[in-house]
Amino acid sequence: MNGRRWALIAFCVVVNCWTGERSARSQNLTNEWIEKQVRPLVEKHLVDGLSVGYIEGEHWGIMHFGSANPAGEIPNSSTIYELGSISKVFTSLLLADAVTRGEIDLNAAVDVKNAAGIKLPSREGRQITWLDFSTHRTGLPRLPANLGATSLENPYSEYDSKKAAAFLNHYELPRKPGEKNEYSNLAVSVLGYLLAEKAGKPYEQLLRERIAEPLKLTDCTVALSDDQKKRLATPHSAYGVATSTWEFADLPGAGGIRATMRDMMRFARAQLNPPKGELGDAIELAWKQHAASDGSDFAMGLAWMIARDGETRWHTGGTGGYRTALFINRQFKCASIVLCNTTAEAEVNGLAERMIQRAAGGLKDDDKVEEPDGNKEKPKIDAELRGRLVGRYQLSPNFIFDVQDKDGHLMVGITNQPTLEVFPDS
C-alpha cells in the first residue's frame, strides 16, 4: 500500500518547473494526447488494462485501454478497481467530516472505547492526536511486527483489530508523536477502525453514509456485491500474471476501498468544487495544509500529499494486483486519475503526473517523454543459487532483510515491510 516512492522522487524534480501561468491554449489535455501516452504501456505489455480520467476546467474525459478480465473485455466506467492507499484520503475525509460535525476535536488525544481493546501508546507525556494519524506523525511503524502474513498474495486478510491491539498495547514509540513524518499503513488502518467505533457503526457503513451516498459514488465500497464482483477488473502482479485481490478483515481504512472511474471522477470534482454543507466543509478541512514539510517528505493536508508548488494535492496507491494515482490542482482547475489492474507503479504514477503537468501548461508538445522499455524476459534463479541466498541480513539493528525460498519463489521481507517476491535483472 505504499504507492508514494516513485511519485515522491519525481515531484521533487518536476513540480518546481511549472510556470504558474496557464498555457495560452484553451485545452491542453485531449484524448489524442492521452492515447499517445497510454498505447505504449499496453502494446509493450507493461499493463493489462487501465482507465484514465481527466478534468480540465469545464472540459473532461474518460478513456479505457487493454483488458479488464480473462475474456479480454475492455474496461469501462463501471469497471471496479482496488484503490490501495488512496483509501487513506477517504478515511481522512471521514475524520474531517467528524470534526465538522463537532464529534471530534482534531487536536485532541485519541481515546476511543473500542471492542478490540486498542490502547494507543504515548511518549514523554505526549499522546497521539487525531491530527497525528492523518499526517503520518503518530510514531507508529509502517507495518506492525506481528503482521505475519499467512498469504503472500493476500497479506492483510487475517490481520484484524484484535491483532492490532496485541501489537499496539505493548509497543514503545521511538519518538514523541508529532515530531516526525513516518508513513504508516498501520496508523491509518487503526484510524479508520477507531472512527467507526466512535460512530458506532462499521467502517463501510460510515463510508457509504458520509461520503459515497452524498457524492453519488455508487460503487465506492469495501465488500463487493455479486454484481460488483462481475465488474471487478482482474488483478495482475505483472502483465499477464493474475493474482488475488486484497482483503482487510476489519481494518480497511488504509487500503481496502474499491471504486470505479465514474466514482473517482465525481470524487475529484467534489475536491475541485466542494458541495455546500458539512461534507463540503470537511473537504475544505482535509484540503488545508496541516503539516509543513520536514525536509524529508511533503507538506500534508489530511492524508493529502501537497506538492512543492503548494497547490497540487495527490495520493497514489497499490495492492497486490492494482496501481492507482490521483492528482488534483485547484489553481488550474484540473485533475488526473489513473486506475490500473496491474502493479505497474512507475508507469501509472508517471502517466498521472504527466497529465496534471499537461493540464497546467507545464508539458508541451515538443517535450520528450521517455518511452517504456516493455517487459523483458527475466532470468531464472536455480534452486542451488536460491538456497545460497536464503538467510537474514542485518544492515542495522532495526533493519533486517529476511530472505526465504518458498516453492521456487525468492521472497524477501524487510523490517516493518511486507514479504514480497523479488526477481533478478541479470
Distance-only side-chain donor-acceptor flag, [X] / [Y], under 3.5 Å:
{"X": "Glu204", "Y": "Thr221", "result": "yes"}
{"X": "Asp132", "Y": "Thr138", "result": "no"}
{"X": "Thr129", "Y": "Asn107", "result": "no"}
{"X": "Asn154", "Y": "Glu247", "result": "no"}
{"X": "Tyr159", "Y": "Asn146", "result": "yes"}
{"X": "Thr243", "Y": "Ser237", "result": "no"}
{"X": "Tyr81", "Y": "Thr260", "result": "no"}
{"X": "Lys198", "Y": "Tyr193", "result": "no"}
{"X": "Thr135", "Y": "His290", "result": "no"}
{"X": "Thr245", "Y": "Tyr322", "result": "no"}
{"X": "Thr342", "Y": "Asp48", "result": "yes"}
{"X": "Asn31", "Y": "Tyr54", "result": "yes"}

Does the side chain of [X] reach to within under 4.5 Å of the side chain of [Y], using non-hydrogen atoms?
{"X": "Leu50", "Y": "Val42", "answer": "yes"}
{"X": "Glu35", "Y": "Met63", "answer": "yes"}
{"X": "Leu93", "Y": "Leu302", "answer": "no"}
{"X": "Trp130", "Y": "Asp105", "answer": "no"}
{"X": "Met305", "Y": "His315", "answer": "yes"}
{"X": "Phe90", "Y": "Leu207", "answer": "yes"}
{"X": "Leu94", "Y": "Arg210", "answer": "yes"}
{"X": "Cys220", "Y": "Ile257", "answer": "yes"}

Counting only N and O atoms by type, is there a donor-acceptor contact under 3.5 Å from the side chain of [X] to the main-chain atoms of [Y]?
{"X": "Ser92", "Y": "Val89", "value": "no"}
{"X": "Ser134", "Y": "Leu131", "value": "no"}
{"X": "Arg258", "Y": "Val222", "value": "yes"}
{"X": "Arg208", "Y": "Glu213", "value": "no"}
{"X": "Lys163", "Y": "Glu158", "value": "yes"}
{"X": "Glu353", "Y": "Gly350", "value": "no"}

When rounded to the nearest 0.5 angstrom, what distance separates [atom1] in [X] from [atom2] in [Y]?
{"X": "Arg358", "Y": "Glu56", "atom1": "CZ", "atom2": "CD", "value": "8.5 Å"}
{"X": "Leu120", "Y": "Asn114", "atom1": "CG", "atom2": "CG", "value": "8.5 Å"}
{"X": "Thr324", "Y": "Ile86", "atom1": "OG1", "atom2": "CD1", "value": "3.5 Å"}
{"X": "Ile55", "Y": "Arg269", "atom1": "CD1", "atom2": "CZ", "value": "5.0 Å"}
{"X": "Met300", "Y": "Ile306", "atom1": "CE", "atom2": "CD1", "value": "8.0 Å"}
{"X": "Asn341", "Y": "Asn69", "atom1": "CG", "atom2": "CG", "value": "9.0 Å"}

Answer yes when [X] and [Y] have at least one side-chain N-carboxylate O distance shorter than 4.0 Å, and no when they do not.
{"X": "Glu347", "Y": "Arg323", "value": "no"}
{"X": "Asp219", "Y": "Arg262", "value": "yes"}
{"X": "Glu172", "Y": "Arg123", "value": "no"}
{"X": "Asp227", "Y": "Arg231", "value": "yes"}

side-chain contact (heavy atoms from CB on, under 4.5 Å) evaluation trace for Asn329 with Leu272: CA-CA 8 Å; Asn329 185 300; Leu272 288 169; over 6 Å; no
So which atom in [X] and which in [Y] form the shortest heavy-atom distance, rounded to 0.1 Å?
{"X": "Ala199", "Y": "Leu206", "result": "CB-CD1, 3.7 Å"}
{"X": "Ile118", "Y": "Ala165", "result": "CG1-CB, 3.6 Å"}
{"X": "Ala259", "Y": "Met264", "result": "CB-SD, 4.1 Å"}
{"X": "Lys88", "Y": "Val188", "result": "CG-CG1, 3.7 Å"}
{"X": "Ala307", "Y": "Phe298", "result": "CA-CD2, 4.1 Å"}
{"X": "Ala352", "Y": "Ser336", "result": "O-OG, 2.8 Å"}

Residue pair Val241, His236: steps toward the side-chain contact (heavy atoms from CB on, under 4.5 Å) verdict: CA-CA 5 Å; Val241 183; His236 297 84; 5.5 Å; no
Pair Phe65-Val47, side-chain contact (heavy atoms from CB on, under 4.5 Å): steps then yes or no: CA-CA 9 Å; Phe65 303 86; Val47 303; over 6 Å; no
Heavy atoms of other groups near Ile74 CD1, more than 12 under 6.0 Å: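 At most 12 heavy atoms, drawn from other residues, nucleotides or ligands, come within 6.0 Å of this atom.
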From Thr91, Asp250, Leu195, residue fulfilling side chain to side chain contact (heavy atoms under 4.5 Å, CB included) relative to Tyr203: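 Going through the options one by one, the only one that passes is Thr91.
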Arg354 charged N/C atom sitting above Trp33 aromatic ring, 6.0 Å / 45°: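 No; the conditions do not both hold, so Arg354 does not lie above the ring face of Trp33.
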Stepwise salt bridge (Lys or Arg N to Asp or Glu O under 4.0 Å) test for Glu209 and Lys201: CA-CA 10 Å; Glu209 292 177 356; Lys201 57 188 67 177; 2.7 Å; yes
Parallel, tilted or perpendicular, as decided by the 30° and 60° cut-offs, for the rings of Phe248 and Trp246: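 Perpendicular, since the angle between the ring planes exceeds 60°.
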Geometric class of the Trp314/Phe327 ring pair [parallel <30°, tilted 30-60°, perpendicular >60°]: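 The rings of Phe327 and Trp314 lie parallel, inter-plane angle below 30°.
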Derivation of the side-chain contact (heavy atoms from CB on, under 4.5 Å) call for Ser51 and Val338: CA-CA 6 Å; Ser51 297; Val338 181; over 6 Å; no
